[in-house]
Amino acid sequence: SKQEQVPMRKRQLPASFWEEPRLA
Amino acid sequence: PWQGRSIASSKLRMLEFSAFLEQPQDPETFNKHLFVHIAQSNPTFSDPYLEAVDIRQIYDKFPEKKGGMKELFEKGPPNAFFLVKFWADLSANLQDDSSFFYGVSSQYESSENMIITSSTKVCSFGKQVVEKVETEYARFENGRYVFRIHRSPLCEYMINFIHKLKHLPEKYMMNSVLENFTILQVVTNRDTLETLLCIAYVFEVSTSEHGAQHHIYRLVKD
């Protein structure tokens, strides 16, 4: 396994990437 | 209107995608549980474009050597690359599963008659651990060509993975495992080898009472 992966939280991703939709 | 607003290149559009578990209730009925699901949608010109994600942010989550995502993106076409963030629904009861069926179904459409090949690579820490390759022929329906990968059985690796994930006591532990679990699906024209769709899937566990959720992004390189 890779030892020095940057955690996803520290990457440049849209805010929505961390917001679970609340759709029925 | 679907180009830029859904998983669609100029040659192929994904209509639906689901990974599911069917549990028999009695000889005539069964429960269907959706782990992940992209339902059919019909975007219009008034819908917003998908948000973009720089593909370099996720290169290391997928195979990087020959035939990897970087090489694929350089070959193009750039409008065929997408990222799907799934919030998977793991609320199903997986006990007593000898008669359970784990499957994946997906549907695509095109204005062209062709034969497509779908390669699905499951990756751990960016390295491929298992690959499934499927070939589908078109059916002409309602003025367009439709491709259906219907009830493709989930591989043993994936079934075991779901079971192990389910046994973790806390959601944050599941998400920690899922941080290094990805799936890369590449759909190509079998005869021309043109990339029709390249979809990178990443996962978290759903906390919603409404089941599986997702966001779709366009992958770009600015």
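Here is how names work: the chains are called A, B, and so on, in the same order as the sequence lines, proteins then strands, and each is numbered from 1. Small disclaimer: the values here were computed from a predicted structure and weren't measured.
Most heavy-atom pairs under 4.5 Å with chain A: of the set B:E204, B:H215, B:R56, this distinction falls to B:H215. Per-residue counts of heavy-atom pairs under 4.5 Å with chain A were compared for B:K85, B:E209, B:H214; the largest is that of B:K85.
One distance of note links CG of B:L50 with OG of A:S16; it measures 10.0 Å at 0.5 Å rounding. Distance check, rounded to the nearest 0.5 Å: CH2 of B:W87 to CZ of A:R22 gives 9.5 Å.
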Check step by step if salt bridge (charged side-chain N to carboxylate O under 4.0 Å, His left out) holds for B:D54 and A:R11.
CA-CA 10 Å; B:D54 189 319; A:R11 300 184 188 206; over 6 Å; no
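At a 4.5 Å heavy-atom cutoff, the contact between B:S206 and chain A is made by backbone and side-chain atoms alike.
At most 12 non-hydrogen atoms from other residues, nucleotides or ligands lie less than 6.0 angstrom from CZ of B:F30. The 12-atom threshold is exceeded at CD of B:Q25, counting heavy atoms of other residues, nucleotides or ligands nearer than 6.0 Å. The environment of B:K166 atom NZ is dense: over 12 non-hydrogen atoms of other residues, nucleotides or ligands sit within 6.0 angstrom. Summarising the local packing, NZ of B:K75 is surrounded by more than 12 heavy atoms from other residues, nucleotides or ligands at distances under 6.0 Å.
Side chains of A:M8 and B:Q57 form no contact here, defined as non-hydrogen atoms less than 4.5 Å apart. Considering only heavy atoms from C-beta on, B:E179 stays 4.5 Å or farther from A:Q5 through its side chain.
The backbone N or O of A:F17 lies less than 3.5 Å from a partner atom in the side chain of B:Y217, making a donor-acceptor pair.
Residue B:A52 comes nearest to A:P14 through the heavy atom pair O-CG, 3.9 Å, listed as atom of the first residue, atom of the second, then distance.
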